[in-house]
Protein chains: 2
Amino acid sequence: MKKSNITLKELSKILGVSISTISKALNDSPEISHDTKIKVKELAALHNYQPNVLARNLKSGTTKTIAVVLPTVKNNFFTEVLLGIETEIVKTDYNIIISITNESFEKEAQSVNNLSNGIVDGFILSTSEETQVKQNFNHLTAAIDNNKPIVMFDRVIKTIESDKVLEDNREAVYKATNYLLKSGKKHIAIASTINNITVGKSRTAGYKKALEEFGITLNENDIITGSQDSIKSEVDHYLKTNKPDAFIGLDEDATLSALKSVKQKNYNIPQEVAVVGYANQNIAPHLTPELTTIDQNGIEIGRTIVKLLIDRLKNPTKPYEKVVLPSILCKRLSS
Amino acid sequence: MKKSNITLKELSKILGVSISTISKALNDSPEISHDTKIKVKELAALHNYQPNVLARNLKSGTTKTIAVVLPTVKNNFFTEVLLGIETEIVKTDYNIIISITNESFEKEAQSVNNLSNGIVDGFILSTSEETQVKQNFNHLTAAIDNNKPIVMFDRVIKTIESDKVLEDNREAVYKATNYLLKSGKKHIAIASTINNITVGKSRTAGYKKALEEFGITLNENDIITGSQDSIKSEVDHYLKTNKPDAFIGLDEDATLSALKSVKQKNYNIPQEVAVVGYANQNIAPHLTPELTTIDQNGIEIGRTIVKLLIDRLKNPTKPYEKVVLPSILCKRLSS
DNA sequence: TTGAAAGCGATACCAC
DNA sequence: GTGGTATCGCTTTCAA
């Protein structure tokens, strides 16, 4: 008994007027008499007429929707950015649809290619890990060539010409390291599960820079890397033969693992070993001790992204912008 | 200098053959000669031809994409379900697009209405809090009437006829309460920020059922409710004049707040006060003490949802199903 | 004030 | 083997 949405054609048949009249009446065209407008609108309401979005978009060549392509939502940074995007997008007449790539190049390319051929007007995108490793960006350049501007954020591609929004990763970790050094710490280890992507490398660079400025020679041993699954045991292993007086986690997994390992060693935090790192602001206060974190300010990033993209859509030829937003060191009890 | 995607028409003009020939050649129709196929395909590749998805979908009346409408992604349950959905959807020829309602009725209705008119073939949906409060489901019935089946999960609407996937909330909290009672606890308090939605009420019901079976008279005071912002102070307030020997958190916010309050009181966990509750599996092991949680098994829920929806799409007239999946009590050190 | 017709881009039936 | 034409549902220009 199901019937698909009623169309203009069917309405026109019922009312015995032309399709154009129906269309104009529903769109409140001044060409149409008050009376027929009423009649048409009543009929449309009665049948719960909803215009076919596909047809309308095909005709107009614009969709007023933006795709947000994210590597994962199991990472609070990206959900924060999403929140920022949403709070800003509601102020516009655009909609968003979200696509999760699960760090897969394949899915990213497929999503972008698919969505760029009619479905959306533009993209907000942070590349998947695999894309960064593969260094294959054809889908991105194709979308841009196809008039679908991209605003890249966080995991951006240097060589792609587009608007970009970044956190200052290097500076943030530099500041964190500096803060620990100034507080008297001398032997700082870092843990990371993201050392193969640019963001992770920048963060490590900040660490190195701070050490250097303090005249401390870098010991590569103090840079502990691993996967999400292995990082905990890597840190454990490290702690068997090393006793740093501070840890910096370069991502949430690494931070939580470091915190746990240090606690399991029964080291006093922060007196014996301080712990600082990237982690969700919702979780940090619930940890013991409350964790000093580096907050990337995802909401602000999201809002900035939307503004850039809307501007770009309005004015496709303006010069590309690169906005760098500062991360914030939130001092709590673990340092 | 930007040009939009090249179309069949333009290709046909360049090659001097008809549009139909181009179309057929690209679709490997047996009607077309090998030679022209080669020529057409080369030209298409050269110009990076991509078919317009809108046009194709408009013609075919199907889109092979499914909308996933979620209240929030700042809740690990939903991101887990999303993960489950994705692992299952990749096995099909469907795509998903995600829409976040932010617990707003307005956004939910808008998304569903917009997407159901051409963009997607069906929905996976968990209603927003506001929708449950308002009890306005016109957008849902409209979508269903419009041949866009919905699989509802978690926050489902009883009166809507559709496939449904649920966790057994009542049973899960019943089991958790029972487990605490059997371990010798006698005065169990619960904390909840979701007491105004059905899920929360079911969980509370499980608590009550267990108490009753144990012959313990319910004290309404022991049911602490609040918003995400207020729940912590509500629990603090409660603990000023009450000393339960166990806490159950009915959602992550409530659970973490209860844990924190109990810790701040310097009660020994779990000897003096046990703490059990809904919380993300990634966080629970990092808390002190490691938290005993109720795991909703979001991944399995996600996979089940997809299977149901794909079946429904293939066979729109089959009877509606309601699948209830069990939650799992993960015992750790806080109980 | 209303209607006919072209067109958005792709597909498919039917001639030739 | 190839091309013309109708069609999906809607908007819009131009005629009447």
Side-chain angles (χ1 to χ4, degrees), chain A residues 3-41 43-44 47-64 114-121 146-148, chain B residues 3-41 43-44 47-64 113-119 121 146-148:
Chain A
K3 53 163 190 347
S4 236
N5 255 355
I6 197 162
T7 65
L8 291 187
K9 198 190 205 172
E10 295 169 303
L11 288 178
S12 86
K13 200 159 284 174
I14 298 176
L15 223 55
V17 296
S18 77
I19 297 177
S20 4
T21 304
I22 303 277
S23 172
K24 286 173 191 164
L26 289 173
N27 290 314
D28 258 331
S29 159
E31 295 179 8
I32 302 296
S33 76
H34 186 68
D35 280 5
T36 51
K37 270 187 195 171
I38 300 280
K39 257 187 277 178
V40 169
K41 284 182 178 172
L43 186 72
H47 289 273
N48 191 28
Y49 169 78
Q50 301 272 30
N52 182 303
V53 181
L54 247 41
R56 181 178 274 180
N57 290 349
L58 177 61
K59 186 80 177 88
S60 73
T62 169
T63 69
K64 291 285 177 188
N114 186 44
L115 294 170
S116 60
N117 293 303
I119 312 282
V120 303
D121 292 344
N146 191 14
N147 253 324
K148 310 298 172 198
Chain B
K3 53 161 183 1
S4 236
N5 253 355
I6 196 162
T7 65
L8 291 186
K9 197 187 203 175
E10 294 168 303
L11 288 178
S12 86
K13 200 159 281 175
I14 298 175
L15 224 55
V17 295
S18 76
I19 295 178
S20 357
T21 304
I22 303 276
S23 172
K24 287 173 190 163
L26 289 173
N27 289 314
D28 258 332
S29 158
E31 295 179 9
I32 303 296
S33 76
H34 186 69
D35 278 6
T36 52
K37 271 188 194 170
I38 299 281
K39 258 187 277 178
V40 169
K41 284 183 179 174
L43 187 72
H47 289 272
N48 191 29
Y49 168 77
Q50 302 270 32
N52 182 303
V53 181
L54 247 41
R56 184 178 273 180
N57 290 349
L58 177 61
K59 186 81 177 83
S60 73
T62 168
T63 68
K64 291 283 176 190
N113 286 333
N114 186 44
L115 293 170
S116 61
N117 294 302
I119 311 282
D121 292 345
N146 191 15
N147 252 325
K148 308 299 174 198

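Sequence lines set the chain letters: A, B, ... in the order given, protein chains first and strands last, and positions in each chain run from 1.
- With rounding to whole Å, B/N27 atom CG is found 15 Å from D/dT2 atom P.
- Taking the C1' atoms of five terminal pairs at each end of the helix from C/dT1-D/dA16 to C/dC16-D/dG1, the two resulting helix axes are inclined by 60°, rounded to 10°.
- Straight-line distance from the CD1 atom of B/I32 to the P atom of C/dT11: 13 Å, rounded to whole Å.
- The structure places CD1 of B/I14 at 13.5 Å from NZ of B/K9, a figure rounded to the nearest 0.5 Å.
- Here the nucleotide nearest the side chain of A/K24, chosen from C/dG9, D/dT11, C/dT2, is C/dT2.
- Closest heavy-atom contact between B/L8 and B/S23: CD1-CB, 3.8 Å.
- A/L54 places its CG atom 15 Å from the C1' atom of D/dT11, with the value rounded to the nearest Å.
- The distance from atom NZ of B/K9 to atom P of C/dA6 is 12 Å, rounded to the nearest whole Å.
- A side-chain donor from one of A/N117 and B/N5 sits under 3.5 Å from a side-chain acceptor of the other.
- Considering only the side chain of A/S23, D/dT12 comes nearest among D/dT12, D/dG9, C/dA10.
- The nucleotide whose nearest atom lies closest to any side-chain atom of A/P51 is, among C/dT11, D/dC10, C/dG3, D/dC10.
- Rounding to the nearest 0.5 Å places CG of A/L11 at 14.0 Å from NZ of A/K39.
- Inter-residue side-chain proximity for A/T63 and A/I119 is flagged as unmet; no heavy-atom pair is nearer than 4.5 Å.
- A 6.0 Å sphere centred on NZ of B/K41 holds more than 12 heavy atoms belonging to other residues, nucleotides or ligands.
- Here D/dC10 is the nucleotide among D/dC8, D/dC10, D/dG3 with the atom lying nearest to any side-chain atom of A/A55.
- Atom CD of B/E10 sits about 13.5 Å away from atom CG of B/L15, to the nearest 0.5 Å.
- For A/E31, the listed nucleotide lying nearest its side chain is D/dC14; candidates were D/dC8, D/dC14, C/dC8.
- Closest to the side chain of B/T7, from the set C/dG3, C/dG9, D/dT11, is C/dG9.
- Protein atom CG of A/L26 is 8 Å distant from nucleotide atom P of D/dT11, rounded to whole Å.
- Between B/R56 and C/dG9 there is no side-chain N or O to OP1 or OP2 distance below 4.0 Å.
- Phosphate proximity of C/dT1 to A/T21: absent, as no side-chain N or O sits under 4.0 Å from OP1 or OP2.
- Atom-to-atom, CG of A/L8 to P of D/dT11 comes out at 6 Å; the value is rounded to the nearest Å.
- Straight-line distance from the CD1 atom of A/I22 to the P atom of C/dT2: 11 Å, rounded to whole Å.
- In this structure, the nucleotide among D/dT2, C/dA10, D/dG9 sitting nearest to the side chain of B/Y49 is C/dA10.
- Across the protein-nucleic acid pair, A/D28 atom CG and D/dT11 atom C1' stand 15 Å apart, rounded to whole Å.
- Here D/dG4 is the nucleotide among C/dA10, D/dG4, C/dT2 with the atom lying nearest to any side-chain atom of B/S18.
- Positionally, the nearest nucleotide of DNA chain C for A/G16 lies more toward the 5' end than for the other of A/S60 and A/G16.
- Atom NZ of B/K37 is surrounded by more than 12 heavy atoms from other residues, nucleotides or ligands within 6.0 Å.
- In this model, a side-chain donor or acceptor of B/S20 finds a partner on the base of D/dG4 within 3.5 Å.
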